[in-house]
Amino acid sequence: MNIKDYYFDPSSRPLDRLLPDGGFCGIFRTIGCIGDSLSSGEFESMDAAGNRGYHDYFEYSWGQYIARMTGAKVYNFSRGGMTASEYCNSFAEANGFWDEKLLCQAYIIALGVNDVLNQNQPLGTTGDICPEDHTKNAPTFAGYYGKIISRLKSMQPKARFFLVTMPRGTDEARNRKAAEVTKLLYEIADLFEWTYVIDLEKEAPVYDAEFYRNFFLGGHLNPAGYLLTAKMIATYIDYYVRKYPEDFTQVGFIGTPFHNAGAKW
């Protein structure tokens, strides 16, 4: 083997080569996926009369593909149509997702499509977030998104968070709104410790007509599309582990009373 293949190459891009086994994403043994239909393996059906149905098949979610790649325990804290506001105001509580038994070493958050693009909820700014007291957050997308992170950090302070941006499509008006969400997510990542951006807007291929033909079923991904997304997200996490190895040396101690005082926490 060439050990240099496993060191960080400053000239590389996060998605230069997709990893079939998730690479160093596998250092996380518990991962929580917080998101909407695209995090839930949702398939879109249509009957002969043109009536559409929407069905969450979690086994096909990118989170469960990551679980099978890496052997990790991955939780789907998601549902079709989910928004950050609904997650905070009812969904997470109703489903027991704040339970300490479900705390994870890492969280992947993929929200914004329904909030900002579909429902036109106010985007807000990081000024809407009070990292020390999530109950003071403003009722904006930024405020609710920050509340999710703050509440989980209050229970699992050393958890790592990965914030997923929306890939580019061919609708320029949509792309402009998605870019506003991307900018906000980078600002949120700067606000919280151990928080990183999985920037699919910048690094993923454009979701154009050819991409849709191969990886979509109606307005949602098909099985191959969810598997491709899993490979992109896991590979991106591997990129961060190699780029910032000191940030991840003590991942195994997350959720335990132990740490190594001689290394970066």
Side-chain angles (χ1 to χ4, degrees), residues 1-35 38-43 56-78 102-110 156 158-165 167 189 194-205 207 211 214-217 220-256 263:
M1 66 177 288
N2 182 357
I3 190 60
K4 291 184 178 179
D5 289 341
Y6 296 90
Y7 295 153
F8 180 70
D9 178 358
S11 68
S12 67
R13 304 298 309 172
L15 301 182
D16 278 348
R17 180 173 56 89
L18 297 187
L19 304 173
D21 62 356
F24 288 121
C25 179
I27 67 174
F28 296 106
R29 309 318 298 149
T30 51
I31 301 172
C33 300
I34 300 172
L38 296 175
S39 301
S40 304
E42 184 164 295
F43 295 135
D56 288 346
Y57 284 87
F58 292 105
E59 280 297 292
Y60 281 98
S61 68
W62 48 258
Q64 294 311 313
Y65 276 119
I66 290 174
R68 291 188 287 272
M69 284 180 202
T70 64
K73 176 66 177 178
V74 178
Y75 298 97
N76 286 98
F77 301 138
S78 63
L102 297 178
L103 289 175
C104 299
Q105 294 176 319
Y107 292 91
I108 305 170
I109 305 179
Q156 190 79 295
K158 302 302 182 182
R160 272 48 174 173
F161 287 80
F162 300 92
L163 317 183
V164 184
T165 72
W194 312 123
T195 304
Y196 313 83
V197 177
I198 294 178
D199 195 347
L200 298 186
E201 180 192 358
K202 182 178 181 180
E203 302 294 343
Y207 286 22
F211 190 94
N214 284 277
F215 297 115
F216 270 74
L217 177 65
H220 291 79
L221 294 165
N222 65 24
Y226 286 115
L227 176 55
L228 177 66
T229 303
K231 291 182 178 183
M232 288 193 288
I233 290 175
T235 298
Y236 217 124
I237 293 174
D238 168 90
Y239 175 86
Y240 276 124
V241 174
R242 289 183 295 105
K243 184 175 184 180
Y244 305 114
E246 296 86 358
D247 285 9
F248 298 94
T249 55
Q250 301 207 55
V251 159
F253 286 141
I254 295 174
T256 79

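In what follows, residues are counted from 1 in the order of the sequence shown. All values below were derived from every heavy atom in this structure, side-chain atoms included, with hydrogens, water molecules and symmetry-related copies excluded.
Not a single side chain to side chain donor-acceptor pair (under 3.5 Å) links T256 to another residue, sequence neighbours left out. Looking at residues two or more places apart in sequence or on another chain, you find a side chain to side chain contact (heavy atoms under 4.5 Å, CB included) between R17 and L19. The side chain to side chain donor-acceptor pair (under 3.5 Å) check on T229 picks up nothing, with sequence neighbours excluded. Qualifying side chain to side chain contact (heavy atoms under 4.5 Å, CB included) partners for K158, counting only residues two or more places apart in sequence or in other chains: R160, W194, I254, W265. Partners of F77 under the ring-ring contact (aromatic ring centres under 6.0 Å, His included) rule, at least two apart in sequence or in another chain, are Y75, F97. Residues that satisfy the side chain to side chain donor-acceptor pair (under 3.5 Å) test with N222, not counting sequence neighbours, are absent from this structure. In this view, F216 and Y207, F211, Y212, L221 satisfy the side chain to side chain contact (heavy atoms under 4.5 Å, CB included) rule, not counting sequence neighbours. Take Y6 and apply the ring-ring contact (aromatic ring centres under 6.0 Å, His included) test, not counting sequence neighbours, and it matches no residue. Under the rule for a side chain to side chain contact (heavy atoms under 4.5 Å, CB included), the partners of N2 that lie at least two apart in sequence or sit in another chain are K4, D5. In this view, F43 and Y57, Y60, Y226 satisfy the ring-ring contact (aromatic ring centres under 6.0 Å, His included) rule, not counting sequence neighbours.
Evaluation of the salt bridge (charged side-chain N to carboxylate O under 4.0 Å, His left out) test over residues 59-71, restricted to residues two or more places apart or in two chains, returns E59-R68. A side-chain hydrogen bond (donor to acceptor under 3.5 Å, both in side chains) check over residues 241-253, counting only residues at least two apart or in different chains, returns the pairs Y196-D247, D238-R242, D247-K264.
When ring centroids are compared, F8 and Y239 come within the 6.0 Å threshold.
A donor-acceptor pair under 3.5 Å is absent between the side-chain atoms of E203 and the main chain of R13, judged by distance alone. Using modelled atom types, one side-chain atom of T165 and one backbone atom of E201 make a donor-acceptor pair closer than 3.5 Å.
Looking at every heavy atom in both residues, S11 comes nearest to D9 through OG-OD1, 2.8 Å. Contact record, N76 with S61: ND2-OG, 3.2 Å, taken as the closest heavy-atom pair. The minimum heavy-atom distance linking T30 with C104 is given by the pair OG1-CA, 3.4 Å.
Using a 4.5 Å heavy-atom threshold, the side chains of V74 and Y65 count as separate. At a threshold of 4.5 Å between non-hydrogen side-chain atoms, the residues F58 and D56 count as touching. Contact of the I237 side chain with the F24 side chain is not registered, since no non-hydrogen atoms from C-beta on lie closer than 4.5 Å. The shortest side-chain heavy-atom distance between I108 and W62 falls under the 4.5 Å cut-off.
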